[in-house]
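So that the names make sense, note that chain A is the first sequence line, chain B the second, and so on, each numbered from 1. Below, all heavy atoms of this structure are taken into account, side chains as well, without hydrogens, waters or symmetry copies.
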Amino acid sequence: MYYLRTTLQYLLTLLAALAANFFLPRLAPGDPINALLGADVVETMTEEQVAQVARELGIHDALHVQFWNYLTGIFTGDFGMSIKLGMPVWDALIQKLPWTLLLMGFALVISTVLGTVLGVMSAWKRGEIADIATMGGVLFVGSLPPFWLAMMLIILFSTTLGWLPSYGAYKVGTSFPSLNWFQGVGLRLIMPVLALAIVQTTSVLLIARSSMQMALDQDYIMFARAKGVSEGKIFFKHAFRNALLPLYTHTMMGLGALIGGSLIIETVFSYPGLGGLIVQGVNSRDYPLLQGLFVITTISIIAANFVTDLLYPLIDPRTRRAG
Amino acid sequence: MRRSLLRGASAVALALCLAAPSSAHDARLHANPEAGNGSPHTAAGILSTVNNQGPKTADSLTIGIWNTAANITTYTIGNSWNDWVLYLALDKLLEPSPYMSKGRSWLATEVVQVSEDARIWEAEIRQGVKWHDGTDMTAEDVVFTYNLYLNGPANRWTHHVSDVPRIETIELVSPTRVRFTAPRPMPNFDLVTAPELPIMQKKQWEGIEDPRTMTDPVIGTGPYKLVEYKADEFYRFEAHEEFWGGAPTVKELTLVMIKDPQTIFAALKSGEIDGAARALPPEMVAQWKDDPNIEIAQAPTLWGTWMQMNLNDPVFNNRDLRNTLSLAINPEEMVERVMLGRAQSGKHGWPHLDSTWTKPGLEVPFDAEAAKAGFETLGFVDANGDGYRDLPDGTPFDWRIVVSTNQPLYVRAAEVMVEQFDAVGIKTHVEAVDAATFNSLTTDGNYEFSISEITPHGLADQDQYMQFYSSPQMKTLLDSEPERLALYNEWWEADSRETRQDAHFKLQEYELKYPSRFMLWYPDGLFAYNWKAYDNYASSFGYGIFHKYSFLPEAGRIGTSDSIDQLIAE
């Protein structure tokens, strides 16, 4: 019953999200013709000419017709043609998706591991200098605007030291799977991953510290200490395991958000991922492109939530009993 | 390591601090000899302290671009930022551009007026020109291209055939000669239309139902062949060995997309790219002037920044009010405060100060006192005592100046504009919105004022100037101002270059007095490149230094200015 109810809830959420994905971009002011031809050109076009372009772009149809085409397209895998890029939306998504997964994946792993380690250690050493220093340092770094952080990394590692390339995901002119190609990919991954990981580590650390503290404050920890259980065992077996649930949720949400990419970091580093594509889609009001992007982002987030929910009872038996 | 970190810290400090406003233009700069009206305003030359002499040829160059060139077709490039990318691969009948009042033979060996009334023109097509796929370019390709512009889907180029002028028939009169016939005179066909429209290969395009979705590498006759691209990531061009004008000076050109303005110049500084095809911010001239690797060039781009007003609003459909508003605007202050002196004042109006189509010597006076008197005469007085003028019927107003958030300079300009209007009792405020919303507001007429960029296409092209009158907003002016309409019609009926230029000059004078928009400034056109990689850039009106003529042998550069180094030598 728990699984059936959860499944139905997610199907409804998915339908609502798909509808929002279609209507929200159209509610925003602006239209793709301006972006495609330039406002100065559109300004001088006759109404008939503008209508002709709208017909060619498929945005002249009635809204319900466009919506129907969009829904049927999702189920047949046809997301339409990108207005700005002049190519199938699906092809554009497939081109960019691996880069986003690579970038966000590395950042997620690093920030999760680093944030968890620092967070639980900070909670373990609560009130001590190590805790205060960690919290102060991480909060300071975490409050830096991501674009500024990215620019500082570029100025230091590219402009000044000349160690790392500042833009792109691979060296143009090298071909997959040559050594040069992999080397180029690796070097170009360092700064964006670093910038993202620094930003994301803060939230992981705060969650880890908070949940570890809550666990450490429980009576069973006091009881374990009274029983003479070793500190190592208390740390790993009694406190850390019970502190994992919020971290698990946060990590799973992070997995779902992987697909969306990072709008700011990808833009600053000209990283060819989906985040940059969203920026382009929004700026050019490229409805088919935005729909495609939002659909896969929606599905990935809902899927991650769904899997998280399904796995909760396995990870924490208390939720199974509650359900 | 410690030293490196110190260097890093210095660089960070440098990046964070604002450079002091630059003084006037470098005294070493020379006037561009190609300026058709002999104007000395826009100069081309090197701004760096040392004018280095680097290599004149190169095996490969990597140039950063910031705005996608999409699939490099006339259907997916919609602006003048990147049309030069298209022109690397595609040629026109005459070149280099409609901005110079002189077209030189290119794919056509001659373009001549056939009828006395300038309605019929013929082009003799150059023989022996090869497409990138090795086949011959023929007159049929030209007929096909012009017909596609006339009857096919609209794009940024089509109105030069389908509207101003409207060509009726395009036909072959011999295997090598094409005839163009229009119902009305088109005395500037060889000056505007022929040097504007890129010629496409019939074989590649004739079977394509929806040209907007063509993703194959475009086949052209130009000096560079597109061999590989990923829209939004990079474009790789190789020299077209069979290019009729001689082998290009650079064998391989790679254009990489770097969208962020800071990153593109950081990449140039670090040597990752050899040139940045993006206007250098004025404050960076002082920072980079002494850089040993980077050379800063100034070249005329014919760009401009203007403030438009909503002519659909009945308030602004009053030429005396527009005249009075123009008196309240001080573009000189804009140049100093916003552009740090690296621009020409917009007081010369529209079109561009250095356009060959512009009547020399025109100037909008700045006279705040006269503006105040004008507002009083028009009934714009402070009726409610709040310190600001109200509409003649007593209604208070607070006009919006809309700007795009992706143009920080324009936000600044709007703030200065608010101050200038405030000084004459007009209440305005700035509204900064995202780029797409900005376009929508201005196209839909949902604004009072807007500040935006205008490209050479709209600022230095006589036919495009008249094309503006096809817009609903400009039509309202024709409907309500008989004097303007008479001049507009005079232009259309003029059947010689001279009479048309004369009509155009009169229209400019009228426009200056009763403006439909206010020019604020014309940026100097600043570009930076790594001179050690390649140092043979040429200056071309409307394009700056990044365009195909910078990569052509000397013979191919006729029609542009000489190379920038030669200008200095002179």
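- Between A:G276 and B:K259 the shortest heavy-atom distance is O-NZ, 4.0 Å.
- Contact record, A:V172 with B:V256: CG2-CG1, 4.0 Å, taken as the closest heavy-atom pair.
- With rounding to the nearest 0.5 angstrom, the CZ atom of A:F147 is 9.5 Å from the CG atom of B:D260.
- B:D232 places a side-chain heavy atom less than 4.5 Å from the side chain of A:K96.
- The OG atom of A:S166 sits 3.5 Å away from the CD atom of B:E272 when rounded to the nearest 0.5 Å.
- The 12-atom threshold is exceeded at NZ of B:K475, counting heavy atoms of other residues, nucleotides or ligands nearer than 6.0 Å.
- The CD1 atom of A:I154 sits 15.0 Å away from the NZ atom of B:K269 when rounded to the nearest 0.5 Å.
- With a 4.5 Å cut-off on non-hydrogen atoms, B:T437 touches chain A through its backbone and its side chain both.
- Around atom CZ of A:F67, more than 12 heavy atoms belonging to other residues, nucleotides or ligands sit under 6.0 Å away.
- The candidate with the highest count of non-hydrogen atom pairs below 4.5 Å against chain A, out of B:I258, B:N71, B:T215, is B:I258.
- Residue contact with chain A, scored on non-hydrogen atoms closer than 4.5 Å, involves the side chain of B:D163 exclusively.
- Atom CZ of B:R212 sits about 11.5 Å away from atom CE of A:M81, to the nearest 0.5 Å.
- Only the side chain of B:Q308 comes within contact range of chain A, with at least one heavy atom under 4.5 Å from a heavy atom of that chain.
- Neither the backbone nor the side chain of B:L441 comes within less than 4.5 Å of any heavy atom in chain A.
- When heavy atoms are compared at a cutoff of 4.5 Å, A:I33 does not approach chain B at all.
- Using a 4.5 Å cut-off between heavy atoms, A:Y271 makes no contact with chain B at all.
- In this structure, chain A has a heavy atom under 4.5 Å from the side chain of B:T68, while its backbone stays farther away.
- For B:S162, the part lying near chain A is the side chain, with the backbone staying farther off; criterion is any non-hydrogen pair under 4.5 Å.
- The local environment of CH2 in A:W90 is sparse, with at most 12 non-hydrogen atoms from other residues, nucleotides or ligands closer than 6.0 Å.
- B:T263 places no side-chain N or O within 3.5 Å of a backbone atom of A:F269 that could act as its donor or acceptor partner.
- Only the side chain of B:T62 comes within less than 4.5 Å of a heavy atom in chain A; its backbone stays farther off.
- The minimum heavy-atom distance between B:T76 and A:G86, with the atom names listed, is CG2-CA, 4.3 Å.
- Residues from residues 186-197 of chain A never place a non-hydrogen atom less than 4.5 Å from a non-hydrogen atom of chain B.
- Atoms OH and NZ, from A:Y170 and B:K230 in turn, are 4.0 Å apart once rounded to the nearest 0.5 Å.
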